[in-house]
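Please read these numbers as outputs of a predicted model, since none were measured by experiment. For the numbers below, each heavy atom of this structure counts, side chains included, while hydrogens, waters and symmetry mates do not.
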Amino acid sequence: MGSVVRVLSGEVLRSMRRWPTAMAFFLVIGFMIQGMISYSKGGFWFFYPDTYSAYLAYLSAIGSGLSAYFVGILPLAACLVAGDSMAWDRKTGFIRFVLTRSSRRTYILGKITAVTLLTGIVIFSGLLISFLIASIWFPLALPPWHMVGETATFTNPAAPPAHVFPFPNFLHDLLFSHPFVYILVVGGVVTLSAIVWANLAMLISLWTTKIYLVLAGPWLAYIGGTFIFGVLGLIMDSPLVSYAPLVLSGAFIGHGKEMTRVEIPFIWIGFTTIVTYTAFMRRKDVLD
């Protein structure tokens, strides 16, 4: 355990000295602000176009807004934090020095822990500061809402229950009962997605040391996976698009089928745990 902590602390210190870490942090905030600007100019879709809310501004910026771009750059920001650290170790030969002092298992666990922790802290901190900006910019309250049957909704009070659009689909009731808790939960889900892409960048580093491929690979998988899920969903006439990477990374807020409380976090945690560990175990030739 002590060796893992040493690897982790070394990664933290190295990440704090690298400009891409700061760039990732400011990319998150910058693109979230872009989404809020878009929200402020056009209201929130078809709900009360002249009514504004910090909570809805945040959800719009994070991926449910029609002109929000944050969800499109999420993998790039995530990989900038520490996703390319393995590639740099291999490219510079530093990995040979590390493996003379630590076991392969220690190195693997230290890397996974460092990338997960650093990416989570940077992305989640950026999201929290973005919500703070939203709370200063917009009223810190939900716009007027009411119950249609047993469903809380922003739609016209006269709309029949069959016409109610239950925004958001993810944990719908939580937004209306505890909006700030909802913001934290959604931020946590987006952060889990970021952690997945950072770990995927590290996996790509086992096959190549070309930094541009390491950083761009997860984004290509993100966009490509979304396209494939979308096409298959149309061909099969199924809700498969609800599981597209882009949808599960933030834009799920207002689209697709209703998600359960644990479904989305389970998908991201399971992907990170199983795929990452398995891939590292299969590349002994690189790490020995």
- Item | Sub-4.5 Å side-chain heavy-atom contact between L118 and T21 | no

- Message: Please determine whether residues Y212 and W219 belong to a single hydrophobic cluster, defined as Ile, Leu, Val, Met, Phe, Trp and Tyr linked transitively by side-chain heavy-atom distances below 4.5 Å.
- Response: no

- Task: Say whether, by atom type as modelled, one donor and one acceptor occur between the side chain of S53 and the main chain of A141 under 3.5 angstrom.
- Result: yes

- Task: Output the distance between atom CG (L215) and atom CG (D84), rounded to the nearest 0.5 Å.
- Result: 5.0 Å

- Message: Quick check for you: to the nearest 0.5 Å, what is the distance between S67 atom OG and Q34 atom CD?
- Response: 7.5 Å

- Over all atoms of both residues, closest heavy-atom pair of G72 and P75: O-CD, 4.2 Å

- Message: With clusters defined by side-chain heavy atoms of hydrophobic residues (ILVMFWY) lying less than 4.5 Å apart, directly or transitively, does M86 cluster with L213?
- Response: no

- So, Y55 side chain and I183 main chain: donor-acceptor pair closer than 3.5 Å or not? no

- Message: Using side-chain heavy atoms (C-beta onward) and a distance below 4.5 Å, is F31 in contact with L27?
- Response: yes

- Message: Once you measure the plane-to-plane angle for F131 and Y58, does it fall in the parallel (<30°), tilted (30-60°) or perpendicular (>60°) bin?
- Response: perpendicular

- Item | CG-OH distance between D173 and Y182, expressed to the nearest 0.5 angstrom | 10.5 Å

- Query: Which atom pair, heavy atoms only, marks the closest approach of V115 to A82?
  - Reply: CG2-O, 3.7 Å

- Message: Given 3.5 Å as the limit, does a donor-acceptor pair link the side chain of W197 with the main chain of S193, or not?
- Response: yes

- Shortest non-hydrogen contact from A194 to L74? CB-CD1, 4.0 Å

- Task: Go through the steps for V71 and Y222 under the test side chain to side chain contact (heavy atoms under 4.5 Å, CB included), then give the verdict.
- Result: CA-CA 10 Å; V71 72; Y222 178 76; 3.3 Å; yes

- Query: Is it true that a side-chain atom of S135 and a backbone atom of L132 form a donor plus acceptor pair closer than 3.5 Å?
  - Reply: yes

- Item | Flag side-chain contact, heavy atom, 4.5 Å: V122 against L80 | no

- Message: Is it the case that the side chain of Y39 and the backbone of A68 share a donor-acceptor pair, with hydrogens and angles ignored and the cut-off at 3.5 Å?
- Response: no

- Message: If the condition is side-chain contact (heavy atoms from CB on, under 4.5 Å), which residues does F124 pass it with, not counting sequence neighbours?
- Response: L128, L184, T191

- How close do L142 and L175 get, heavy atom to heavy atom, and via which atoms? CD1-O, 3.6 Å

- Message: Is there a path of hydrophobic side-chain contacts, each under 4.5 Å between heavy atoms, that joins L56 and I62?
- Response: yes

- Query: Can you find a pair of side-chain heavy atoms, one from M202 and one from I112, that are under 4.5 Å apart?
  - Reply: yes

- CD1 of I133 to CE of M32, rounded to nearest 0.5 Å, is 9.0 Å

- Rounded to the nearest 0.5 Å, what's the gap from OG1 on T113 to CG on L117? Could you check? 8.0 Å

- Kindly say whether G126 contributes a backbone atom to a donor-acceptor pair with the side chain of S130 at under 3.5 angstrom? yes

- Backbone of R90 reached by a side-chain donor or acceptor of T209 within 3.5 Å: no

- Taking the side chain as C-beta and beyond, is there a heavy-atom pair between L140 and F180 under 4.5 Å? no

- Item | Residue Y69 excluded, over 12 heavy atoms near OH under 6.0 Å | no

- OH-CE distance between Y52 and M36, expressed to the nearest 0.5 angstrom: 14.5 Å

- Treating Ile, Leu, Val, Met, Phe, Trp and Tyr as nodes and any side-chain heavy-atom pair under 4.5 angstrom as an edge, say whether I195 and L200 lie in one connected cluster. no

- Message: Heavy-atom count check: over 12 atoms from other residues, nucleotides or ligands less than 6.0 Å from W137 CH2?
- Response: yes

- Indicate yes or no: at least one non-hydrogen side-chain atom of I129 is less than 4.5 angstrom from one of F25. yes

- Side chains of K111 and D89: does their closest heavy-atom pair fall under 4.5 Å? yes

- Item | Any side-chain heavy-atom pair of F138 and S40 under 4.5 Å | yes

- Message: With clusters defined by side-chain heavy atoms of hydrophobic residues (ILVMFWY) lying less than 4.5 Å apart, directly or transitively, does I136 cluster with I37?
- Response: no

- Message: Please give me the minimum heavy-atom distance between P218 and I204, naming the atom from each residue.
- Response: CD-CD1, 3.7 Å

- Note: A244 and T226 closest approach over all heavy atoms is CB-CA, 3.8 Å

